[in-house]
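The block underneath contains the structure these notes are about, expressed in structure tokens.
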Amino acid sequence: MIDKRYGVIFRQIREQKQLSLSYFEKYGVLKSNLARFERGETMMGFERVVSMLQVMNITLSDYELFFNYYLPDYQEHFLVELEKAAFSLDDMKCKKLFDEIEEILEYLYRVKYWGYFELSLNYDVAEYISIVEIKDLINIFEKKNKLFF
């Protein structure tokens, strides 16, 4: 089943940027294929959509946010709530967010690739875990993400 909104949202972005359908032909996307995608008649490959978004200077996360009616996913929501609690110095709320600290640590030990979310979790839980656990997490991060630096 094709979700027509992928194309509809893409078209809205393209029109907002005042780009014609034929603009993407120089990037290897036929005008007719793009028109069918925007009408929801067909899907396009992930790589192709991402490359066209990059041409329009739109991140994949922004596109996802538009697609999800401007609602953040769980990870973004968690980080926003944590940031609010930290900035307001609301220790009770921070502790509540980290009620499942063992699950968070298990997740950080288990996850293969660390991105912004994992780095933020690592930083934010540091206040609530031991120095040994902090060192372990840093070592794991360095081993799994050598190219990150």
Side-chain angles (χ1 to χ4, degrees), residues 1-88 90 93-94 96-126 128-129 133-134 136-149:
M1 172 124 199
I2 297 172
D3 191 330
K4 293 181 178 190
R5 290 189 53 249
Y6 285 108
V8 169
I9 290 168
F10 185 89
R11 184 186 71 241
Q12 290 170 346
I13 295 168
R14 178 183 60 75
E15 289 174 349
Q16 180 177 311
K17 299 279 185 176
Q18 299 178 341
L19 299 172
S20 67
L21 286 167
S22 59
Y23 178 82
F24 292 95
E25 287 183 333
K26 62 184 170 186
Y27 298 101
V29 180
L30 295 175
K31 181 179 172 179
S32 58
N33 289 344
L34 183 53
R36 286 198 319 271
F37 169 64
E38 289 183 352
R39 287 191 305 266
E41 296 170 3
T42 186
M43 287 298 288
M44 282 205 156
F46 177 76
E47 298 86 7
R48 179 139 302 168
V49 172
V50 169
S51 66
M52 289 188 301
L53 289 171
Q54 287 175 339
V55 166
M56 295 189 295
N57 211 15
I58 299 292
T59 65
L60 188 56
S61 27
D62 282 343
Y63 185 63
E64 179 184 26
L65 194 62
F66 304 150
F67 186 81
N68 291 322
Y69 302 102
Y70 302 94
L71 297 173
D73 64 15
Y74 166 76
Q75 292 177 345
E76 289 175 82
H77 177 72
F78 181 85
L79 292 177
V80 166
E81 289 303 308
L82 186 58
E83 189 175 281
K84 286 180 192 174
F87 281 125
S88 65
D90 188 344
K93 188 170 183 178
C94 286
K96 184 178 177 191
L97 288 168
F98 287 123
D99 268 348
E100 306 300 326
I101 196 84
E102 288 304 317
E103 286 182 33
I104 292 171
L105 290 174
E106 286 175 22
Y107 169 76
L108 290 173
Y109 284 122
R110 181 180 70 247
V111 71
K112 187 172 182 177
Y113 300 106
W114 283 32
Y116 177 75
F117 179 72
E118 289 77 18
L119 284 171
S120 296
L121 273 180
N122 185 34
Y123 175 79
D124 292 327
V125 299
Y128 303 98
I129 60 177
E133 288 171 316
I134 293 170
D136 285 348
L137 286 173
I138 290 170
N139 286 334
I140 287 169
F141 171 76
E142 287 176 345
K143 286 177 189 172
K144 291 183 178 181
N145 300 282
K146 292 178 183 172
L147 299 177
F148 199 84
F149 294 108

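One-based numbering along the sequence shown.
Partners of Thr59 by side chain to side chain contact (heavy atoms under 4.5 Å, CB included), not counting sequence neighbours, listed by chain and number: Ser61, Asp62.
Of the residues Arg5, Met44, Met52, the one that meets the side-chain contact (heavy atoms from CB on, under 4.5 Å) test with Phe10 is Met52.
Listed by first and then second residue, the salt bridge (charged side-chain N to carboxylate O under 4.0 Å, His left out) pairs involving residues 6-23 are Arg11-Glu15, Arg14-Glu38 (not counting sequence neighbours).
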Practice problem: Check the pair Thr42, Asn33 against side chain to side chain contact (heavy atoms under 4.5 Å, CB included), reporting the backbone distance first and the verdict last. | Solution: CA-CA 8 Å; Thr42 186; Asn33 289 344; over 6 Å; no
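Atom-to-atom distance recorded for Leu105:CG and Arg110:CZ is 11.5 Å, nearest 0.5 angstrom. Atom CD1 of Ile140 sits about 8.5 Å away from atom CG of Leu108, to the nearest 0.5 Å. Summarising the geometry, atom CD belonging to Glu118 is positioned 11.5 Å from atom CD1 belonging to Ile104; distances are rounded to the nearest 0.5 Å. Atom CD1 of Ile58 sits about 5.0 Å away from atom CZ of Phe66, to the nearest 0.5 Å. To the nearest 0.5 Å, atom NZ of residue Lys26 and atom CZ of residue Phe24 are 9.5 Å apart. Trp114 contributes atom CH2, which lies 4.0 Å from atom CG of Asn122 (distance to the nearest 0.5 angstrom).
Proximity of Tyr23 to Leu34: side-chain heavy atoms (C-beta onward) are nowhere separated by under 4.5 Å. With contacts defined as side-chain heavy-atom distances shorter than 4.5 Å, the pair Asp3/Phe67 qualifies.
Surrounding OH of Tyr109 are more than 12 heavy atoms belonging to other residues, nucleotides or ligands, all under 6.0 Å away. Around CG of Asn57, the count of heavy atoms belonging to other residues, nucleotides or ligands within 6.0 Å does not exceed 12.
Of all non-hydrogen atoms in Ile13 and Met56, the two that sit nearest each other are CG2-CE, 3.7 Å. Heavy-atom minimum distance, Ala126 versus Ile134: O-CD1, 3.4 Å.
Tyr63 contributes a side-chain N or O that, together with a main-chain N or O of Tyr6, makes up a donor-acceptor pair within less than 3.5 Å.
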